[in-house]
K.L.:
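Next up is a structure, given as structure tokens.
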Number of protein chains: 2
Amino acid sequence: MLRAREDAIVESVNRLLAGKGFELMTVDEVAADVGIAKASLYKHFPSKELLACAAMVRVLGQARDAARALQADPALDALAKLREIARWALQTQLQGRMPLLPAQNSSLRAELMADKAYMDALMGLSEQLGDWIEQASADGRLNPALPPEVVLYTLFARACDPVPGVLKSSGQYSDAQIIEWMLAQCFNGLAKGD
Amino acid sequence: MLRAREDAIVESVNRLLAGKGFELMTVDEVAADVGIAKASLYKHFPSKELLACAAMVRVLGQARDAARALQADPALDALAKLREIARWALQTQLQGRMPLLPAQNSSLRAELMADKAYMDALMGLSEQLGDWIEQASADGRLNPALPPEVVLYTLFARACDPVPGVLKSSGQYSDAQIIEWMLAQCFNGLAKGD
DNA sequence: GTCTATAAGAGGATAGAC
DNA sequence: GTCTATCCTCTTATAGAC
């Protein structure tokens, strides 16, 4: 009932955010997409920012679930787990299910930072990735020129990389092919490693 | 006179676009920043979209100039030239001089595509980079898993990578340090090449 | 070409009935 | 909680005097 409706709202927000980003998404659109009046929407979520926040919390939770599944897999070493989480992000983005937030909107950033659910989800995921980065580093599998922070942010940034979308829009390549290229670039670089 | 004023306008647009992106930049702000009335601004540029377009043409011209200077340098092979143009993009972004366009705004994209000056600048730069990519590939210096198109788009995407900005905002690192990390990740990858 | 003033409309948010 | 109707601000763009 209430939970189901709010899930439907966040699902719509998620898709619209993935398609056009925060500024270009309007609350009217969300209401129309869900099939309820705008005023009803505001009974569930008191502002556009908190609507976006709910979508972010949702996707971070999904990422966390994906990470937990990988963590339980003994066949993968730490570097492979990092690669698989990057694959998950790219896949989610290519399927139009990755909400895009502007890196720049300060009012939105402030509200996100103030939201406990968001910060908890972000921190939880960061810690899991941080553990894997530490482990992969100890295994000698990471580029020694890069500090852990750079590795972490680079992985997060795969969620909003514009390159997969540009390649997909050409219509020439399958999602699987695009993802392999992106992973090859991200982990092995543009240059030939000899 | 007219030329100087329009240069000042585009310079302002460029900085504001770099700071907040197309949607969050308002024409009122631009007018205030230049120090003229909004109506005067519209005498020079008939729409907000064409204002952004002028900023893009300007930065593409600067990139082209940077590329020409590199082309004339016999000390650099093709891969080194690609690396230097990526460095230029990262540097420009970190200095707040890289206008950010939303990948998603279709009305803006349509106007850009329809603008001859924009398309010429984009094509000219792409051709120069394409030549270097071909050459670097012939030299056996590029990752053989990646088609030229992926290499080209990856280089263009350095201009809007969010990672440098996040690293800079921490206040812990110099621009030069950040750029070296970004180039190491982009060209050599996150993983250790053995 | 520059200004002041204003039109025209989009979009976030709310009032109040049911 | 859902609706219809409305408010109000912000923003793009233009009218018209100088």
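Throughout, protein chains are lettered first and strands after them, A, B, ... in sequence-line order, and every chain is numbered starting at 1.
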K.L.:
Specify the residues of residues 32-41 of chain B, ordered by number, for which at least one heavy atom lies under 4.0 angstrom from an atom of DNA chain C.
P.N.:
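I36(B), A37(B), A39(B), S40(B) - these, ordered by number, are the residues of the stretch whose heavy atoms sit under 4.0 Å from the strand.
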K.L.:
Between residues 18-25 of chain B and DNA chain C, which residues have a heavy-atom gap below 4.0 Å?
P.N.:
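The stretch gives none, as no residue of it lies under 4.0 Å from the strand.
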K.L.:
Of all the heavy-atom pairs spanning V150(B) and L146(B), show the shortest one and how long it is.
P.N.:
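Minimum heavy-atom separation between V150(B) and L146(B): CG1-CD2, 4.2 Å.
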K.L.:
For K43(A), which contact category applies under a 4.0 Å heavy-atom criterion: base, sugar-phosphate, or nothing?
P.N.:
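Base: the residue K43(A), judged by heavy atoms under 4.0 Å, touches a nucleobase.
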K.L.:
Report the residues that fulfil ring pair (Phe, Tyr, Trp, His ring centres under 6.0 Å) with W181(A), sequence neighbours left out, ordered by chain and then residue number.
P.N.:
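By the ring pair (Phe, Tyr, Trp, His ring centres under 6.0 Å) rule, W181(A) matches Y173(A).
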K.L.:
Tell me which donor-acceptor pairs under 3.5 Å the side chains of residues 63-76 of chain A have, and how far apart each pair is, sequence neighbours excluded?
P.N.:
unit_1	atom_1	unit_2	atom_2	d
Q71(A)	OE1	K81(A)	NZ	3.4
Q71(A)	OE1	W132(A)	NE1	2.9
D73(A)	OD1	A75(A)	N	2.8

K.L.:
I want to check something: taking the side chain as every heavy atom from C-beta on, are L152(A) and E149(A) in contact at a cut-off of under 4.5 Å?
P.N.:
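A side-chain contact under 4.5 Å is absent here.
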K.L.:
Would you please name every residue forming a salt bridge (Lys or Arg N to Asp or Glu O under 4.0 Å) with E84(A), sequence neighbours left out?
P.N.:
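If we apply the salt bridge (Lys or Arg N to Asp or Glu O under 4.0 Å) test to E84(A), skipping adjacent residues, the hits are R87(A).
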K.L.:
Would you indicate whether the side-chain heavy atoms of C186(B) and L190(A) approach each other to under 4.5 Å?
P.N.:
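When only atoms from C-beta onward are counted, C186(B) and L190(A) do touch, with a gap below 4.5 Å.
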K.L.:
Counting only non-hydrogen atoms, which of residues 106-117 of chain B are less than 4.0 Å from DNA chain D?
P.N.:
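The stretch gives none, as no residue of it lies under 4.0 Å from the strand.
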K.L.:
Using whole Å, what does the distance between atom C1' of nucleotide dA13(C) and atom CD of E49(A) come to?
P.N.:
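Atom-to-atom, E49(A) to dA13(C), this comes out as 11 Å.
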K.L.:
Q135(A) and D131(A): side-chain donor and acceptor closer than 3.5 Å?
P.N.:
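Not at all, the side chains of Q135(A) and D131(A) share no donor-acceptor pair under 3.5 Å.
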K.L.:
Please list, chain by chain and in numerical order, all residues satisfying salt bridge (Lys or Arg N to Asp or Glu O under 4.0 Å) with K48(B), sequence neighbours excluded.
P.N.:
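Counting only residues at least two positions away or on another chain, K48(B) forms no salt bridge (Lys or Arg N to Asp or Glu O under 4.0 Å).
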K.L.:
Give me each pair satisfying side chain to side chain donor-acceptor pair (under 3.5 Å) with a member in residues 120-129 of chain B, each pair once, sequence neighbours excluded.
P.N.:
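Sorted pair list: K116(B)-D120(B).
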K.L.:
Under 3.5 Å, sequence neighbours excluded: what are the donor-acceptor pairs made by side chains of residues 2-11 of chain A?
P.N.:
unit_1	atom_1	unit_2	atom_2	d
E6(A)	OE2	H44(A)	ND1	2.8
E11(A)	OE1	R58(A)	NH2	2.6

K.L.:
Between which nucleotides of DNA chain D, read 5' to 3', does contact with chain A run, using atoms under 4.0 Å from its heavy atoms?
P.N.:
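Endpoints of the contacted stretch of DNA chain D: dG1(D) to dT4(D).
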K.L.:
According to side chain to side chain contact (heavy atoms under 4.5 Å, CB included), who are the partners of S107(B), at least two apart in sequence or on a separate chain?
P.N.:
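By the side chain to side chain contact (heavy atoms under 4.5 Å, CB included) rule, S107(B) matches E49(B), N105(B).
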K.L.:
Starting at atom OH of Y42(B), determine the distance to atom P of dT4(C), rounded to an integer number of angstrom.
P.N.:
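The distance from OH of Y42(B) to P of dT4(C) comes to 17 Å, rounded to the nearest Å.
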K.L.:
Provide, to the nearest angstrom, the distance between the CG atom belonging to D28(A) and the P atom belonging to dA13(C).
P.N.:
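Value for this atom pair: 11 Å.
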K.L.:
Please name all residues satisfying salt bridge (Lys or Arg N to Asp or Glu O under 4.0 Å) with D77(B), sequence neighbours left out, ordered by chain then number.
P.N.:
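With sequence neighbours excluded, D77(B) shows a salt bridge (Lys or Arg N to Asp or Glu O under 4.0 Å) to R141(B), given in chain and number order.
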K.L.:
What is the distance from atom CG of L100(B) to atom CG of L24(B), rounded to the nearest 0.5 Å?
P.N.:
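Here the interatomic distance stands at 11.0 Å.
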